[in-house]
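Okay, structure first, notes after.
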Amino acid sequence: MDKIVIEGGHELHGHIRISGAKNAALPIIAATLLTPGWHTLYNVPDLHDIRTILSLLATLGVVWEKIGPGTIRINSADLVSCEASYELVKTMRASVLVLGPLLARMGRARVSLPGGCAIGARPINFHIQGLKKLGADVVLEQGYVEAAVSGRLSGGTVYFDFPSVTGTENMLMAAVLARGTSTLKNVACEPEIGNLIDMLIAMGAEIEGRDTDRLVVHGVERLNPAEITIIPDRIETGTYLIAVGAVGGDVTLTDCEPVLLPALTEKLRIAGLELQEGDNFFRVRGRGSLASVDIKTMVYPGFPTDLQAQIMALMIFADGTSFINETIFENRFMHVAELRRLGADIKVDGASAIVRGGSRLTGAKVMATDLRASASLVIAGLAAQGVTEISRIYHLDRGYENLVEKLAGVGAVIRREKDE
Ligand code: UD1
């Protein structure tokens, strides 16, 4: 297993190219199950999670090939199975995204229940209830969701108790081939869902309400293969903005979409970062002193839970106290104990964390616990004095393309080593 070794205290200067969004690529890859033929996807990040979903699709009979940097072609003409096994789903919860498209196209799907994960219980009851509303028989047997319908799914009204991201995506992919119209209410409107909707529309789907909390899907009889460009990763973008805030410097992020980060940019400006944004770039300058800001994670366009750990790392260096309230996941403070090992003063009280800023961090050995927690440790390590070693970095490989190379390219002293 590899570890990351960081010598802290080096300012960041230069350019970083932002990769395609993992959370947009995953549902779009799953959507290629809806119809046979060669689909072409551009700007696909080279990440472990992407390889996992492609391996899962390969077990179903899907073929794919890389035809250029970030460009893949996928064809699901010869499906041989409708089952996503426990072995694959347990390594990546987003595997559940094959449920909707398999059921819509094949009339059945058998997908392992994902179980809990480091950040919370994360059930999939909304996905199951929604599919039932579209006429599917769904049973849970031996740890698997078994869904079936004779003929096509039928349109229906689905109300989400909470706007689940992958739940919305699964229901969209189920509804596009249903007989009749489906109305999906209180859905999530994360930009990655907009990217999926663009792909589905390019495939011939009829969907109204993009970027709103109510989607109307007029089912069609068949879809066609399509091509799509994956949107830039707003969480990767936010992570590097925050890193510059923590350690200082002057960095331009290219190939990103600043408009997708309204809550973060507002908070970073209040904290004292200089941000300049264009249609597809950000220039960020860290000036040294930082003001504390309070954070409450919310569904889009609120502050993303996937940037909560990183902004917490930044608040360690701010003047004053920051209150961070996590409202999306019930156990998303695993990074706190590790940040404390570096010298941070953070208290957790239920769903809130209180960060007393102004601590001087010193490097230590820490352990990555989940994807975004790992990113917060990298940020803290970049700004700490001395050497920080982060083990279990396979979490980072799931979601950050070339993180070490990108940070080293702007002056960070960071390397990957074998963890003995
Ligand atoms: C997606 C993102 C993840 C992000 C999260 C919230 C992908 C692949 N992952 O995860 O990076 O952190 O959105 O922005 O896009 N819930 C239920 N029942 C369900 C579904 C969800 O109770 O059937 C709860 C969850 O436990 C959680 C909340 O709803 O508390 C939001 O979860 P959800 O939006 O579904 O997250 P994911 O789609 O899994």
Side-chain angles (χ1 to χ4, degrees), residues 20-31 45 47-50 52-53 56 89 91-100 111 113-133 138 140 145 147 158-174 184 186-197 213 230-231 233-236 238-239 260-261 263-264 296-311 325-335 351 370-376 395-396 398-400:
K22 167 178 87 70
N23 287 354
L26 290 171
I28 287 173
I29 290 171
L47 295 170
H48 196 265
D49 274 6
I50 301 297
T52 302
I53 197 150
L56 165 54
V89 178
T91 63
M92 189 184 68
R93 289 182 42 82
S95 308
V96 75
L97 284 166
V98 301
L99 184 57
V111 176
L113 278 167
C117 72
I119 63 175
R122 298 183 83 176
I124 57 164
N125 51 320
F126 303 154
H127 306 234
I128 294 171
Q129 285 157 12
L131 293 174
K132 285 183 178 168
K133 287 276 177 66
V138 188
L140 301 184
V145 181
V158 177
Y159 173 82
F160 283 84
D161 284 341
F162 185 90
S164 157
V165 175
T166 48
T168 302
E169 292 164 347
N170 242 336
M171 291 316 302
L172 270 170
M173 291 187 280
L184 313 180
N186 197 29
V187 295
C189 43
E190 265 63 3
E192 293 74 21
I193 297 172
N195 204 184
L196 171 66
I197 290 175
D213 63 0
I230 306 300
I231 58 169
D233 195 317
R234 64 195 164 99
I235 306 302
E236 187 197 25
T239 301
L260 302 182
L261 284 156
L264 178 72
K296 183 173 185 173
T297 62
M298 295 175 84
V299 296
Y300 190 82
F303 194 95
T305 175
D306 284 351
L307 285 171
Q308 178 258 107
Q310 298 90 317
I311 194 105
N325 184 212
E326 171 59 54
T327 74
I328 309 291
F329 292 110
E330 67 270 30
N331 187 27
R332 208 170 196 181
F333 287 136
M334 303 281 281
H335 41 286
D370 68 64
L371 172 55
R372 307 307 171 184
S374 316
S376 79
H395 292 292
L396 279 170
R398 286 188 40 215
Y400 287 92

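These figures come from a predicted structure and were not determined experimentally. Both counts, for ligands and for their atoms, begin at 1 and track the order of listing.
Atoms of ligand 1 found under 4.0 Å from any heavy atom of Thr305, numbered from 1 in the order shown, are 6 (C), 12 (O), 14 (O). Counting the atoms of ligand 1 from 1 in the order shown, those under 4.0 Å from a heavy atom of Ile124 are 19 (C), 23 (O). Atoms of ligand 1 lying under 4.0 Å from any heavy atom of His127, numbered from 1 in the order shown and given with element: 23 (O).
Of all the heavy atoms of Val165, the ones lying under 4.0 Å from any atom of ligand 1 are found in both the backbone and the side chain. For Ile328, heavy-atom contacts with ligand 1 shorter than 4.0 Å involve the backbone as well as the side chain. Contact annotation: for Phe126 versus ligand 1, heavy atoms closer than 4.0 Å belong to both the backbone and the side chain. Looking at Thr166 against ligand 1, both its backbone and its side chain come within 4.0 Å, counting heavy atoms.
Using a cutoff of 4.0 Å between basic side-chain nitrogens and carboxylate oxygens, Glu192 and Lys22 are not scored as salt-bridged. Between Arg332 and Asp306 there is a salt bridge, with a side-chain nitrogen of the basic residue lying less than 4.0 Å from a carboxylate oxygen of the acidic one.
For Glu169, no nitrogen or oxygen atom sits less than 3.5 Å from a nitrogen or oxygen atom of ligand 1, counting backbone and side chain alike. Any N or O atom pair closer than 3.5 Å counts here, and Asn125 shares at least one such pair with ligand 1. An N or O contact shorter than 3.5 Å is missing between Gly167 and ligand 1 by distance. The shortest N or O to N or O distance between Asn23 and ligand 1 is below 3.5 Å. For ligand 1, the polar-atom distance check finds no N/O of Glu190 at less than 3.5 Å from any of the ligand's N/O atoms.
Across Ala309 and Ser376, no two heavy atoms sit closer than the pair O-CB, 3.1 Å. Minimum heavy-atom separation, Leu261 to Gly238: CD1-N, 4.0 Å. Nearest heavy atom pair, residue Leu140 against residue Val145, reads CD2-CG2, 3.8 Å.
Among residues two or more places apart in sequence or in another chain, the salt bridge (Lys or Arg N to Asp or Glu O under 4.0 Å) test is passed with Glu326 by none. Here Glu236 pairs with Lys406 under the salt bridge (Lys or Arg N to Asp or Glu O under 4.0 Å) rule; sequence neighbours left out.
The shortest side-chain heavy-atom distance between Phe333 and Gln308 falls under the 4.5 Å cut-off. Residues Phe126 and Thr168 have side chains not in contact (no heavy-atom distance under 4.5 Å, counting atoms from C-beta outward).
Within the 4.0 Å heavy-atom shell around ligand 1 one does not find Ala188. The shell of residues lying under 4.0 angstrom from ligand 1, judged by heavy atoms, includes Arg332.
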